[in-house]
Amino acid sequence: MGTTTISATDGVPQTGHTGRRRRTDVAAARLSGLLLACALLVLVAVLSVAVGAKAIPPGEVLRALVHGRDSVDDSVVLDLRLPRTLLGVVVGAALGLAGVLMQALTRNPLADPGILGVNMGASAAVVVAIALWRSTDPSFCVWFAFAGAGLAAAAVQLLGSRGRSGPGPVRLALAGTAVSAVLSALISVVTLLRPDVFDQFRFWGVGSLAGQPMSVVTEVLPFLGAGALLALGLSGSLNALALGDETARALGTGVRRTRVLGMLAVTLLCGAATAAVGPITFVGLAVPHLARALTGPGHRWLLPYSMVFGATLLLGSDILGRVVAPPGEIQAGIVTAFAGAPVFIALVRRRRIAEL
Amino acid sequence: MKSAPSPTPRTRLARPAAAATALACAFAVTACGSSAPSATDTGGGAATRTVATAHGKVTVPARPLRIVSVHSWSTESLLDLGVKPVGVENSGATYVPSRYLKRWKAAAKVTNGADIDYERIAALKPDLIVGVDVPYLSKAYRKLSAIAPTAFASFDESASWTAYPDATARFVNRTAQLTRLKKTYTDRIAAVREADGAKLSGSSWDVVQGGFDSGNYWIYGSTSPVGDILARLGARFASATASVGKGRTRSVSYERADLLKDADYVVYYTNNDGSPANDIQKLFALRAFKELPAAKRGRVVGTADFLPGSYSDALGVVDSVEKALGGQSG
């Protein structure tokens, strides 16, 4: 008779030889699923470069990618579609990862990029930058947005960890809500007193992948990369944290360390993503649930699945926004909300949202 | 084609939109357009007259002395008529035409569009409140009219820009000044037509601005304010502007800069300092735009008076057009 244990790394029950075999099968199935998801993302990325308001033959698109800017159409592919495609992949992946982290850290299935004050911190910083320097240049605003996100996250962590009980999920969520409310009020005050600031801020206020130069991708990529590595490295600790702080401590997990590093990763991911394209709702909220339905609660698989699903959802939304109202476009931030909400409702109706 | 996200997109104060409101206003437009003010002015300060407004007939002072304006168009109209309002909207100094800036700054600010400071308006003891019946002001009409007689010009997305200065002049009983301003404007139009008529009729024009939806720019139609002025000058429209329906704006992806390819001139909206307004510089930076005939020949014409609220603003547009034609190399 074999012994039964619970893996601290992937949450799959094990029972001797049968358990090991089942675990191998499950891992193989999840790996296959992840590869399929990656293939889907590649397909969506190819579509993103090939499809747009202007009809460009596939051969011309390929020629532009291989030979560079020989014509106006080449320029449309390389200067407009390629940056937004890359931005969609990295930002979508970051938001997917950040969503998993936030839901794990707060043990709140409805945690989204706004709950820890990161989005609002970025928005408030952009408003201040516009008010003081009157610039909405992405290369300029990105740094303010990132700094604002970091400061807001730090404030939330500080407020949420004060007191003898330490930074519990409820305390962090409450601190995030409070900081978001204060920052939202700050944005309202500045934009109400300065209509010209409001006029500029609204260009950034609706999340969009369009019109961003390649430099924005290169500017935020190091932060997104660092955040992604940090997040993926925390998968084991997040599994333990899901069992509760006491159990996590008993399993030898540094709860405080995990929360601090998790918050740092969220700041890097969400802050840089929001800075690059503005606030994008829904991806960080829904993607982890979608991924969890396939992977179960173990973070070793949940994190990479969410990365790929996040990128696919955001990029797919952006493509949809390009084709539904020609010759104009609808911003990805609007499409994610419209297209994602029914998916989320269907998920909620089909099965209970997993306990975190 | 879709409706403009905002027919007057430079400020929240001038951001009405709603087709429903436009429909509702259509009734009032008919009323306003058909009835002249019935003056009962006996020469005394307390004399009143009745004017047709978006909210029906309103009795207003024959010689209003303390006027509050709650909309940028009526403010510009008042200042153009030589009237100094005691209170004005705050659309941000950057959006106030420089010709009015000093006088606009001197007036108390009573609204920023989203919020109307009723207490401040009441404290100014106005004898007349004027504005445009855009949706957010239409909702405020009842409260404002409890403070002082309130005359709003009917709002209609397809109405000519001249409807607002004309209505404002009627409300404040300055029709004689309006007539003079109109004459200056029409004389100037005639002079430019005479001097540059061949160039205008021999070239095609598109009218655009940055818009508010990232990745898109907006194409304005031939009945837009700038379109109307260009038409009076005898200009011919290129296909993009010609294809936009009355009272509408077309939101177009940056990928479709090629829609402007048959334009000899492209007119766009600038800030007061001459810089491109509403992020249209992003479009200008694209090769797809730089390769356009108008861009190659340096015929991309900026004007800060893109959304005129007065006849002097319209003259600003004429100046910009004339300057562009003066630089025409052939």
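Proteins get letters first, then strands, A, B, ... in listed order; numbering begins at 1 in each.
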Quiz prompt | Reported CZ-to-CD distance for the pair Arg81(A) and Glu255(B), which is rounded to 0.5 angstrom | solution = 4.0 Å

Self-check item: Contact summary for Ala53(A) and Arg256(B), nearest pair of heavy atoms
Solution: O-CD, 3.5 Å

Quiz item: Among Glu291(B), Lys290(B), Lys261(B), whose side-chain contact (heavy atoms from CB on, under 4.5 Å) with Val72(A) holds?
Solution: Glu291(B)

Quiz item: Distance from Leu80(A) atom CG to Lys282(B) atom NZ, nearest 0.5 Å?
Solution: 11.0 Å

Self-check item: Heavy atoms from other residues, nucleotides or ligands near NZ of Lys109(B) exceed 12 (cutoff 6.0 Å)
Solution: yes

Enumerate, atom names and distances included, each donor-acceptor pair closer than 3.5 Å involving a side-chain atom of residues 182-189 of chain A, sequence neighbours excluded.
residue: Ser188(A); atom: OG; partner: Ser184(A); partner atom: O; Å: 3.1

Quiz item: Would you say Asn216(B)'s side chain and Glu329(A)'s backbone share a donor-acceptor pair under 3.5 angstrom?
Solution: yes

Quiz prompt | The single option from Ile219(B), Val252(B), Asp258(B) passing side-chain contact (heavy atoms from CB on, under 4.5 Å) against Pro327(A) | solution = Val252(B)

Exercise. Would you tell me whether Ser214(B) and Gln331(A) have side-chain atoms, one donor and one acceptor, within less than 3.5 Å of each other?
Key: no

Exercise. With sequence neighbours excluded, tell me which residues meet salt bridge (Lys or Arg N to Asp or Glu O under 4.0 Å) with Arg103(B).
Key: none

